[in-house]
Amino acid sequence: MNCHDLDFNISRLGRCRIPSPLSGVRFVRNDERVLYPSDASAIEACVAEGKPLPAFEAAGPREQIYFDPSKLKCGIVTCGGLCPGLNDVIRAIVLSLFHHYGVATVFGFRYGYEGLTHRHGHRPLELTPRAVADLHQKGGTLLGSSRGPQDVSEMVDTLERMNVGILFAIGGDGTLRGAQAVTEEIGRRNLKIAVIGIPKTIDNDISNVQNSFGFETAVSEARTAVYSANAEAEGARNGIGLVKLMGRESGFIAAYASLAHSEVNFCLVPEVPFTLDGLLAALKRRIESRGHAVIVVAEGAGQDLVERPRETDASGNVRLGDIGIFLRDMIPARLKNLGMDVTLKYIDPSYTIRSMPANAHDSVFCLLLGHHAVHAGMTGRTNMLVGFWKNEFTHVPIPLAAFERKRIDPEGRLWSNVLASTGQPKEMM
Ligand code: ATP
Ligand code: MG
C-alpha cells in the first residue's frame with residue numbers, strides 16, 4: 001500500500017473545552033506530527049508532488065480536554081494471550097487517571113470481553129492506586145483474560161449502564177478489531193464513549209507500530225533459553241540445541257534472540273520457507289565441520305511441513321502445527337539415516353516467557369504507553385491505539401494497525417543481519 005493511501009486521521013467525540021488539570025508538563029499541540037516514511041526518496045516524492053507528508057498525530061497531554069474528570073468513569077479490559085508488562089500498563093492507566101486528572105472511578109473488567117457482557121456475571125474490580133500499588137512487580141494480568149466472541153451490543157449496554165466514558169482495551173489484533181466493533185456500535189447509538197487501544201503483541205507484529213511492550217523482555221528471556229541450548233549442544237558429541245520461540249506469523253523474537261545470542265546457527269521463521277531436506281543438508285555440513293549446532297525456530301515457521309490441527313481457537317485464530325516437536329523428532333531420525341548420530345536437546349520456554357514480569361526497559365515503555373493512552377482518552381479521541389514510531393509515541397487509527405501484520409522482509413536489513421550472524425544458507429529448499 002502506498003503511504004498516501006493511509007488515513008492517519010483520528011476520530012474525536014467532540015471539541016475539547018475543558019482546561020487540563022495537569023501542570024508543569026509540556027503540552028503537545030494538536031498539529032504536532034511524527035513523520036511516517038523514513039526513506040528520504042519517499043519524502044522527496046511527496047514534496048515534489050506538493051502532497052502533505054504522511055504522518056501520525058503525536059501523542060501526549062493536551063491543554064484542553066474533552067471529559068470532565070470529576071464526572072468521568074473509566075474501564076480497562078485485557079484480552080488474548082499473556083505478555084510481560086500487562087500489569088504495568090493497567091497500573092499506569094489507573095495512576096495517571098487518578099493522579100494526573102483526578103478521575104476517581106476506574107473499573108477493571110474481568111476476563112477479557114466476557115467481563116463486559118452481563119451474561120457471564122463477572123463483577124468488575126474497582127481499581128484504585130492502592131489496588132494497583134505493587135502490580136508492576138507481577139507477571140500475568142490482574143484482570144484476567146479470555147478469548148471467544150462476545151455480543152458487541154451487550155458490551156456497549158454495559159458501558160452505557162455503568163456510565164463509562166473511556167474504555168481502555170489492552171490486547172492484540174483481535175482485541176483491537178473488537179475495540180473497533182465496540183466503537184462502531186457506540187457511534188450507532190450516538191453515545192459519547194471513547195475507546196483507546198494499547199497494542200499487546202509479544203511477537204511485535206502489529207502494523208505501523210515500531211515496538212510493542214513485552215517484546216524486549218521476551219527477547220532477553222529467550223536469550224537465556226538459547227544460552228542453555230548452546231551449552232547442551234557444546235556438551236555432547238554431535239550435539240544439537242533446539243529452541244522453539246513465540247512468533248505465529250512473524251519471526252521477530254526468533255530473529256532478535258538469534259542476534260542477541262550470536263552462537264545461533266539456524267534461525268527459522270514463518271516468513272522464510274524451508275524444506276526438511278534443505279535444513280538437514282545444511283545442518284549436517286555444520287555438524288561435520290563444528291561438531292555441534294544451535295537452532296532457533298519460531299512457532300509459526302515451517303507450517304507446510306507439519307500436520308496442522310483443523311480446528312481454530314475460541315476467537316477463530318488458526319491453531320498451529322507443532323514445528324518444535326516435529327524437528328525434535330525428525331532431525332535425529334533423518335540424520336541417522338544419513339549416517340550421523342546426534343544428541344538433540346529441545347527447549348520450549350514460551351509460557352515461562354509470556355508470564356514473566358516486564359524488564360526495566362519494558363516497564364518504562366508500559367508506563368508511558370499507559371500515560372499516553374490516558375492523555376488521548378481524556379481529549380475524547382477514539383477508535384485509536386497508542387503507537388510508537390521513530391522513538392515517539394503516536395496516535396494510530398485502529399484500522400491502520402489491526403488488519404495487517406508486520407512481518408520480517410526476507411530481502412530486508414534485519415533478515416540480512418540474521419543471515420550474516422548465523423551463517424545459515426539464504427535458501428534451505
Ligand atoms: P493475541 O494476539 O494474544 O491472541 P488477541 O487480542 O488477538 O491477542 P483474540 O483472542 O484473537 O486475542 O481476540 C481477543 C478478543 O477480541 C476475543 O474475545 C475475540 O472474540 C474478540 N474479537 C476479535 N475480533 C473481533 C471482532 N471483529 N469483533 C468483536 N470482537 C472481536
Ligand atoms: Mg491475535
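The figures that follow rest on heavy atoms only: side chains count, while hydrogens, waters and symmetry mates do not. Start at 1 and go down the list; that is how both ligands and their atoms are numbered. Just so you know, residue 1 is the first one in the sequence shown, and it goes up from there.
Less than 4.0 angstrom separates some heavy atom of Lys200 from each of these atoms of ligand 1: 1 (P), 3 (O), 8 (O). Interface of Pro149 with ligand 1, defined as ligand atoms under 4.0 Å from a residue heavy atom, comprises 20 (O). Taking a cut-off of under 4.0 Å to the non-hydrogen atoms of Asn317, the atoms of ligand 1 that pass are 9 (P), 10 (O), 11 (O). Atoms of ligand 1 found under 4.0 Å from any heavy atom of Gly172, numbered from 1 in the order shown, are 5 (P), 6 (O), 7 (O), 8 (O). Residue contact check: Ser315 has heavy atoms under 4.0 Å from atoms 9 (P), 10 (O), 11 (O), 13 (O), 17 (C), 19 (C), 20 (O) of ligand 1.
For Arg189 and Glu185, the salt-bridge test passes: some basic side-chain N is under 4.0 Å from an acidic carboxylate O. Residues Arg248 and Asp205 are not paired through a salt bridge, judged by the lack of any N-O separation under 4.0 Å between the basic side chain and the carboxylate. With salt bridges taken as basic N to acidic carboxylate O contacts below 4.0 Å, none links Glu249 and Arg407.
With a 4.5 Å cut-off on side-chain heavy atoms, Phe215 and Ile253 count as touching. Using a 4.5 Å heavy-atom cutoff, the side chains of Leu280 and Met330 are not in contact.
Remark: minimum distance from atom 24 (N) of ligand 1 to any protein heavy atom is reached at Gly174 O, 3.4 Å. Protein heavy atom at the shortest distance from atom 27 (N) of ligand 1 is Arg177 CB, 3.8 Å. In terms of protein heavy atoms, atom 25 (C) of ligand 1 is closest to Gly178 N, 3.7 Å. Considering only non-hydrogen protein atoms, atom 7 (O) of ligand 1 sits nearest to Asp173 OD1, 2.6 Å. Of all protein heavy atoms, the one lying nearest to atom 15 (C) of ligand 1 is Tyr113 CD1, 3.8 Å. What sits closest to atom 6 (O) of ligand 1 on the protein, heavy atoms only, is Thr175 OG1, 2.4 Å.
Residue nearest to atom 28 (N) of ligand 1, selected from Ala181, Gly316, Gly197: Ala181 (by heavy-atom distance).
Taking distance alone, with nitrogen or oxygen atoms compared against 3.5 Å, Gly148 approaches ligand 1 more closely than that limit. In terms of N/O distances under 3.5 Å, ligand 1 is approached by Gly81. When only interatomic distances are considered, the shortest N/O to N/O separation between Cys79 and ligand 1 does not fall below 3.5 Å. Residue contacts with ligand 1: Arg147 is placed with a nitrogen or oxygen under 3.5 Å of a nitrogen or oxygen of the ligand (distance criterion only).
Exactly one of Leu167, Thr117, Thr78 qualifies for a side chain to side chain contact (heavy atoms under 4.5 Å, CB included) with Phe109. That residue is Leu167.
Annotation: Phe388 is in aromatic contact with Phe365 [ring centroid separation under 6.0 Å]. Aromatic rings from His375 and Tyr101 are positioned such that their centres are separated by under 6.0 Å. Residues Phe56 and Phe393 place their aromatic rings such that the two centres sit no closer than 6.0 Å.
Atom OH of Tyr111 has 12 or fewer neighbouring heavy atoms from other residues, nucleotides or ligands inside a 6.0 Å radius.
Sorting the N, O or S atoms of Asp173 by how far they are from the Mg ion (ligand 2) puts OD1 first.
Looking only at atom types and distance, the side chain of Ser41 has a donor-acceptor partner in the side chain of Asp39 under 3.5 Å away.
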